[in-house]
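Notes for the one structure printed next.
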Amino acid sequence: MYYEQLFQTTEAKMNFVKGLIRISKADGEISPEEQTFFIDAARGLGIPENDIAILPAVMTQTEEIPLSFASRQEALCFLREALQLCMVDNDYSESEQKEIMKLAKEFGVESERVHALEKWVQEILEPFHVIVRNANRAQARWETR
């Protein structure tokens, strides 16, 4: 798996998951489904259970979650994945956008690079969004019969 090759240490993997949690918190509380997703993602990355055990506390903490990555490549990979998480529901909120830009600044990533990543993620997700829209239309037609 690409992530396991890029994020080789437990600390790097935990930062990746903590970063996704931080982004999810940008637009409100984390739902139980999201909590399960983050725990499963941590397990998928091979993070030890004793480290995974602290994630519920991270999800509920009110302080900002500090993040750092060992390389620009790790930071860019994280930002790309965070953008996908933000945009998959086709509702990339203003609070998510601000948090992405704040993180990018913390990582030393230029805003132009973030905008390029945003555009790339939007293009990648567009076919998915079309499928969801069509499925919703079909369901609405079915329910009115």
Side-chain angles (χ1 to χ4, degrees), residues 1-140:
M1 175 190 242
Y2 173 73
Y3 304 111
E4 290 173 337
Q5 293 170 352
L6 183 59
F7 301 102
Q8 293 187 1
T9 67
T10 297
E11 180 182 5
K13 292 173 187 178
M14 283 293 286
N15 273 330
F16 181 81
V17 175
K18 286 179 180 180
L20 295 180
I21 291 169
R22 180 171 161 179
I23 291 293
S24 291
K25 292 172 80 171
D27 64 358
E29 292 185 18
I30 298 177
S31 71
E33 295 81 13
E34 288 173 315
Q35 291 176 21
T36 300
F37 168 80
F38 294 127
I39 298 296
D40 290 346
R43 286 188 177 119
L45 287 170
I47 296 173
E49 287 296 324
N50 61 321
D51 290 312
I52 291 172
I54 70 160
L55 290 177
V58 171
M59 291 181 222
T60 58
Q61 77 183 48
T62 55
E63 311 83 44
E64 185 172 271
I65 301 166
L67 293 178
S68 64
F69 291 102
S71 69
R72 181 174 172 85
Q73 185 179 11
E74 284 183 5
L76 289 171
C77 177
F78 166 76
L79 288 170
R80 185 189 69 221
E81 294 304 309
L83 284 165
Q84 288 180 36
L85 181 68
C86 292
M87 294 180 179
V88 73
D89 63 357
N90 208 18
D91 182 24
Y92 185 31
S93 71
E94 185 178 332
S95 59
E96 290 171 327
Q97 292 173 39
K98 286 180 181 178
E99 190 64 23
I100 289 285
M101 293 306 282
K102 183 177 180 181
L103 284 166
K105 186 175 181 179
E106 289 175 23
F107 303 150
V109 175
E110 308 79 16
S111 60
E112 296 80 18
R113 181 70 171 150
V114 175
H115 294 307
L117 284 170
E118 287 171 332
K119 183 177 182 204
W120 182 83
V121 170
Q122 287 170 340
E123 289 172 359
I124 294 299
L125 289 176
E126 183 54 29
F128 170 77
H129 292 148
V130 168
I131 291 168
V132 170
R133 281 193 299 273
N134 289 340
N136 288 339
R137 287 184 194 129
Q139 181 179 3

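Computed from a predicted model, the values in this text were never measured in an experiment.
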Apply side chain to side chain contact (heavy atoms under 4.5 Å, CB included) to E49 and list each qualifying residue two or more places apart in sequence or on a separate chain.
R43, I52

By side-chain hydrogen bond (donor to acceptor under 3.5 Å, both in side chains) - contacts of S93 (at least two apart):
S95, E96

Should K18 and I54 count as side-chain neighbours, where that means a heavy-atom distance under 4.5 Å?
yes

Please output the side-chain donor-acceptor pairs of residues 99-107 that fall under 3.5 Å, not counting sequence neighbours, one pair per line with the distance.
from, atom 1, to, atom 2, distance (Å)
E99, OE2, R22, NE, 2.4
E99, OE2, R22, NH2, 3.0
K102, NZ, E64, OE1, 2.4
E106, OE1, R22, NH1, 3.4
E106, OE2, R22, NH2, 2.9

For E112, enumerate each residue passing the side-chain hydrogen bond (donor to acceptor under 3.5 Å, both in side chains) test, keeping only those at least two apart in sequence or located in another chain.
none

Mind checking whether E34 and M59 have side chains closer than 4.5 Å, heavy atoms only?
no

State, with a plain yes or no, whether a side-chain heavy atom of L20 is found less than 4.5 Å away from one of F78.
yes

Can you tell if the side chain of V17 reaches within under 4.5 Å of the side chain of K13, non-hydrogen atoms only?
no

Sequence neighbours left out, what passes side chain to side chain contact (heavy atoms under 4.5 Å, CB included) with T36? Give chain and number order.
D40

Pair L76-R80, side-chain contact (heavy atoms from CB on, under 4.5 Å): steps then yes or no
CA-CA 6 Å; L76 289 171; R80 185 189 69 221; over 6 Å; no

Sort and list the pairs that fulfil side chain to side chain donor-acceptor pair (under 3.5 Å) and have at least one residue in residues 51-61, not counting sequence neighbours.
none

Restricting to non-hydrogen atoms, name the atom on S68 and the atom on N15 that form the minimum distance, rounded to 0.1 Å.
O-ND2, 2.9 Å

Sequence-distant partners of R72, salt bridge (charged side-chain N to carboxylate O under 4.0 Å, His left out), two or more places apart
E110

Could I get the full list of side-chain hydrogen bond (donor to acceptor under 3.5 Å, both in side chains) partners for E63, not counting sequence neighbours?
none

Mind checking side chain to side chain contact (heavy atoms under 4.5 Å, CB included) for E74 and listing every partner two or more places apart, or none if nothing turns up?
L6, F7, A12, F69, A70, S71

Is the closest side-chain donor-acceptor distance between Q122 and Y92 under 3.5 Å?
no

